[in-house]
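Shown next, in structure tokens, is the structure this report addresses.
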There are 2 protein chains.
Amino acid sequence: MCEANAYWTEDGNERLILESVDTVEAEGPGLWRLVNIFGEQRSVQGRISGMSLVEHKIVFEALNQ
Amino acid sequence: MCEANAYWTEDGNERLILESVDTVEAEGPGLWRLVNIFGEQRSVQGRISGMSLVEHKIVFEALNQ
């Protein structure tokens with residue numbers, strides 16, 4: 001499977017938001033809905049700073065960074 | 001490998017931007033740098049409308065949509 005883990009980065013630290021994310025949908029300006037392969041959902045307010053799919057990683061950060 | 005194909009969507013049509021994308025980096029407001037597993041790069045001006053990693057797909061759209 002090719003899902004990725006979603007992280008929140010702040011002050012150089014990364015915190016796991018949701019593992020095994022399949023879909024990421026833009027719901028509005030700076031608002032994202034994550035759904036993983038188990039059907040779990042999280043909403044994230046921020047922006048995507050980057051991702052590496054080969055490393056199974058999506059990183060979000062605060063909008064004002 | 002868990003790369004994804006990047007598409008541009010406009011008026012209901014999707015156009016391939018770059019295949020086998022590994023990394024997506026936010027370079028500035030609405031500016032993205034895509035690099036694929038072959039080392040090819042593309043810059044995209046727009047926003048991410050959504051992605052499905054299980055379907056190997058990332059979709060970008062114009063900022064003003």
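Just so it is clear: chains get the letters A, B, ... in the order the sequence lines come, proteins before strands, and each one is counted from 1. Predicted, not measured: the structure shown is a model, and the values here were computed from it.
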Looking at CD of A:E25 and OG of B:S49, how far apart are the two atoms once the value is rounded to the nearest 0.5 Å? 9.0 Å

Shorter than 4.5 Å, heavy atoms on both sides: which option in B:I48, B:V21, B:D22 has the most such pairs with chain A? B:D22

Specify which of B:E27, B:H56, B:M51 makes the most heavy-atom pairs with chain A at under 4.5 Å. B:M51

Are A:L31 and A:I17 linked, directly or through other ILVMFWY residues, by side chains that come within less than 4.5 angstrom of each other? no

Using the rule that two of Ile, Leu, Val, Met, Phe, Trp, Tyr join whenever any of their side-chain heavy atoms come within less than 4.5 Å, decide whether B:L34 and B:Y7 are in one cluster. no

Interface moiety of B:S52 toward chain A, non-hydrogen atoms closer than 4.5 Å: both

May I ask you to test the B:I58-A:L53 pair for a side-chain heavy-atom distance under 4.5 Å? yes

B:V24, B:W8: one ILVMFWY side-chain cluster at the under-4.5 Å cut-off? yes

A:F60, B:W32: one ILVMFWY side-chain cluster at the under-4.5 Å cut-off? yes

